Number of protein chains: 2
Amino acid sequence: MTVTIYDVAREAGVSMATVSRVVNNNPNVKPATRKKVYEAIERLGYRPNAVARGLASKRTTTVGVVIPDISNSIFAEVARGIEDIANMYHYNIILCNADKKKDKEIRVVNTLLEKQVDGLLFMGGAVTEDHLQAFKTTNVPVVLCATSDENEQIPSVDINHEEAAYDAVMKLIQNGHKRIAMISGTLQDPANGYARFQGYKRALQENGLSYDESLVRIGNYRYESGVEAMKYFIALDERPTAVFSATDEMAIGAIHCIQDSDLQVPGDISVISVDNSRMASMVRPQLTAVAQPMYDIGAVSMRLLTKLMKKEHVEQYKVTLPHEIVMRQSVGGA
Amino acid sequence: MTVTIYDVAREAGVSMATVSRVVNNNPNVKPATRKKVYEAIERLGYRPNAVARGLASKRTTTVGVVIPDISNSIFAEVARGIEDIANMYHYNIILCNADKKKDKEIRVVNTLLEKQVDGLLFMGGAVTEDHLQAFKTTNVPVVLCATSDENEQIPSVDINHEEAAYDAVMKLIQNGHKRIAMISGTLQDPANGYARFQGYKRALQENGLSYDESLVRIGNYRYESGVEAMKYFIALDERPTAVFSATDEMAIGAIHCIQDSDLQVPGDISVISVDNSRMASMVRPQLTAVAQPMYDIGAVSMRLLTKLMKKEHVEQYKVTLPHEIVMRQSVGGA
DNA sequence: CTGTTAGCGCATTCAT
DNA sequence: ATGAATGCGCTAACAG
């Protein structure tokens with residue numbers, strides 16, 4: 001039924017080894033025999049079996065990527081960066097959604113390892129001791145992507161979330177705002193949550209602005225939670241003149257909530273966020289945001305992984321990509 | 001170095017076959033021996049090698065999915081549906097972006113087949129004779145996902161794009177509009193382009209409205225092309241009172257273009273589209289759209305594929321999922 | 001219920 | 001430059 005390397009060998013009148021050589025582009029084959037083999041391959045419709053090859057060579061040319069949620073545009077963008085570079089280096093990717101759930105993350109890491117991936121790209125929530133444990137059961141290189149562990153034991157590529165948040169809030173402060181609210185993600189989330197919250201606090205503190213607990217709401221990254229948070233802020237006796245949102249989507253919710261309360265953005269309340277997803281420029285007013293280079297984070301982390309897999313020298317195991325503030329229309333003076 | 005089934009067998013004092021049985025949950029193992037084996041596995045830190053298993057059993061429990069672009073939110077949503085169901089049936093997915101480019105599509109299909117995937121989910125542009133040819137070189141089941149071939153030779157799940165477009169335009173007509181423009185995708189794209197355009201024309205025709213070529217612009221599915229198209233329509237001597245966009249993103253571009261021209265949506269011009277992505281409810285006015293059940297398309301196609309892979313009986317090889325119109329704020333009377 | 005024996009399709013020594 | 005032989009780690013008959 002299935003045609004194997006053996007069939008090709010017989011058809012071409014050579015040995016299996018020779019067929020294997022031409023299929024793998026080994027230069028040690030006389031052009032004439034190479035030609036014969038190619039013809040036999042063509043005639044028989046031979047297709048190499050990558051599974052057999054993987055077993056024999058112990059390399060599968062596939063990498064595992066665990067991602068929180070591919071339907072989230074931010075991560076989808078990262079995934080595209082990953083796949084483009086993977087493709088460039090002839091790797092395929094097995095994609096697993098793990099929703100930042102620790103159990104699921106560890107489970108998929110294990111099945112990925114069972115599948116003998118040559119490398120692992122991990123995008124998740126907090127990296128716990130159990131994660132490290134799971135990574136340590138294997139020799140395959142792992143790189144954290146848009147994720148980092150505080151101990152910095154694992155190679156990673158990400159932006160500096162604390163600084164990104166800091167920069168966003170600074171922009172508000174520079175515009176004269178003194179009463180600045182924040183719509184945060186859960187503080188359990190190291191990057192999108194905790195770090196951005198820390199950046200917010202530091203910016204306030206360094207500028208002599210007092211931290212007011214009632215000016216912080218925790219959202220779930222979704223549009224609706226942005227409007228809920230904003231409703232709360234607007235109902236305050238002394239409402240903020242600006243709000244910093246941990247993500248675009250919540251920021252957009254906030255903007256619409258402000259508008260629905262017959263207030264103006266940025267006239268009455270300024271809004272800034274970090275992400276800069278495609279949506280940022282697709283709302284009115286267009287959203288001012290600190291841009292995370294999601295595609296690049298994916299691409300760079302995959303590139304790093306290829307080096308690790310080939311045991312090439314890498315000079316930097318923890319790479320922090322630059323972020324930048326994209327001024328649009330949602331921030332004005334106090 | 002790596003611990004194999006053989007090591008476990010020795011450690012547990014049983015044969016390889018028995019270890020294989022417990023690992024595969026074969027009921028024909030005495031509980032006591034099963035326990036012994038589990039303990040040995042634990043002690044040795046044994047992890048099954050899925051590649052070896054794949055070679056021996058000729059099943060890899062992985063399916064290939066070729067997708068146009070994972071960073072497009074519409075497809076990302078489908079992908080999530082696919083992965084959720086795949087996961088439920090213990091399959092993993094290898095994801096390949098092919099950008100609706102025929103060459104790339106055929107190339108990735110072949111590498112996926114080399115990797116011995118148990119099934120293939122194909123999401124692409126037009127399904128050509130060459131595609132069919134590629135599919136035919138193998139026994140692994142293929143299902144087209146959000147894609148269909150005119151000959152209906154391959155199982156598929158999708159919505160009826162022609163009808164979806166028809167319904168959208170009908171809604172406009174029922175609201176009294178007579179001068180209705182369309183922002184279409186390229187007519188080379190069978191589903192998003194050609195079929196939707198046909199639906200538009202049929203709706204006009206069935207209602208005695210003449211088709212006017214100057215009322216149709218071809219976009220590239222992006223926001224910017226929506227604003228370009230709309231600019232053109234607004235500059236017309238007799239501008240349309242409503243526009244039907246083939247996708248949400250172009251529709252949003254159109255809305256903003258209208259607003260920037262000091263016109264109102266839907267006061268001056270109504271806008272409707274098909275897609276109903278998350279963005280539809282995140283713009284003002286909120287976009288009225290025909291909803292494609294993207295997640296379901298992914299989930300159902302994966303479910304269908306599992307049946308095909310298990311050679312189970314399937315009663316319907318071509319499934320057309322229902323679409324529905326979601327009334328929001330962008331459509332008003334003529 | 002358990003063990004023995006063959007391969008699965010290929011890469012990779014080691015010879016020649 | 002080419003061939004013969006071995007084994008990668010596991011499943012799947014087949015026996016018993």
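Here the structure is a predicted model, which is why all the values come from computation and not from measurement. Lettering of chains follows the sequences in order, A, B, ..., and the numbering in each one begins at 1.
- Under the 3.5 Å distance criterion, with hydrogens and angles disregarded, a donor-acceptor pair is assigned to the side chains of A/Ser71 and A/Asp69.
- Across all non-hydrogen atoms, the minimal contact from B/Thr2 to B/Asp7 is O-OD2, 3.8 Å.
- Between B/Glu114 atom CD and C/dC8 atom C1' the separation is 17 Å, expressed in whole Å.
- Both A/Thr2 and B/Asn28 sit near DNA chain C, but only B/Asn28 has its closest nucleotide nearer the 5' end.
- Following rounding to the nearest Å, B/Ile5 (CD1) and C/dG3 (C1') show an atom-to-atom distance of 13 Å.
- Taking both residues in full, the closest heavy atoms of A/Ala9 and A/Met16 are given as CB-N, 3.6 Å, listed atom of the first, atom of the second, then distance.
- There is a side-chain donor-acceptor pair under 3.5 Å between A/Asp84 and A/Tyr295.
- With rounding to whole Å, B/Arg10 atom CZ is found 15 Å from C/dG3 atom P.
- As rounded to whole Å, 21 Å separates atom P of C/dG9 from atom CZ of A/Arg21.
- What separates CG of A/Asn24 from P of C/dC10 is a distance of 10 Å, to the nearest Å.
- Annotation: side-chain contact (heavy atoms from CB on, under 4.5 Å) contacts of A/Val127 (sequence neighbours excluded): A/Phe122, A/His131, A/Leu132, A/Leu144, A/Thr147, A/Asp149.
- A donor and an acceptor atom, one from each side chain of A/Asn87 and A/His90, are nowhere located under 3.5 Å apart.
- B/Arg47 and A/Asn110 share a donor-acceptor pair across their side chains, judged by distance under 3.5 Å alone.
- Note on A/Val23: nothing from the nucleic acid sits closer than 4.0 angstrom, heavy atoms only.
- You can see that DNA chain D meets the heavy atoms of chain A within a 4.0 Å-exclusive cut from D/dA1 to D/dG9, reading 5' to 3'.
- Of the listed nucleotides (C/dT2, C/dC10, C/dA11), C/dA11 has the atom at the smallest distance from the side chain of A/Ser20.
- Salt bridge B/Glu105/B/Lys101: absent, no basic N to carboxylate O contact under 4.0 Å.
- Contacts of residues 36-60 of chain A with DNA chain D (heavy atom under 4.0 Å): A/Leu55, A/Ala56, A/Lys58.
- Along DNA chain D, the nucleotide nearest to A/Met16 and the one nearest to A/Pro27 differ in position, and the one closer to the 5' end is contacted by A/Pro27.
- For the residue pair B/Thr61 and A/Lys115, a side-chain donor N or O sits within less than 3.5 Å of a side-chain acceptor on the partner.
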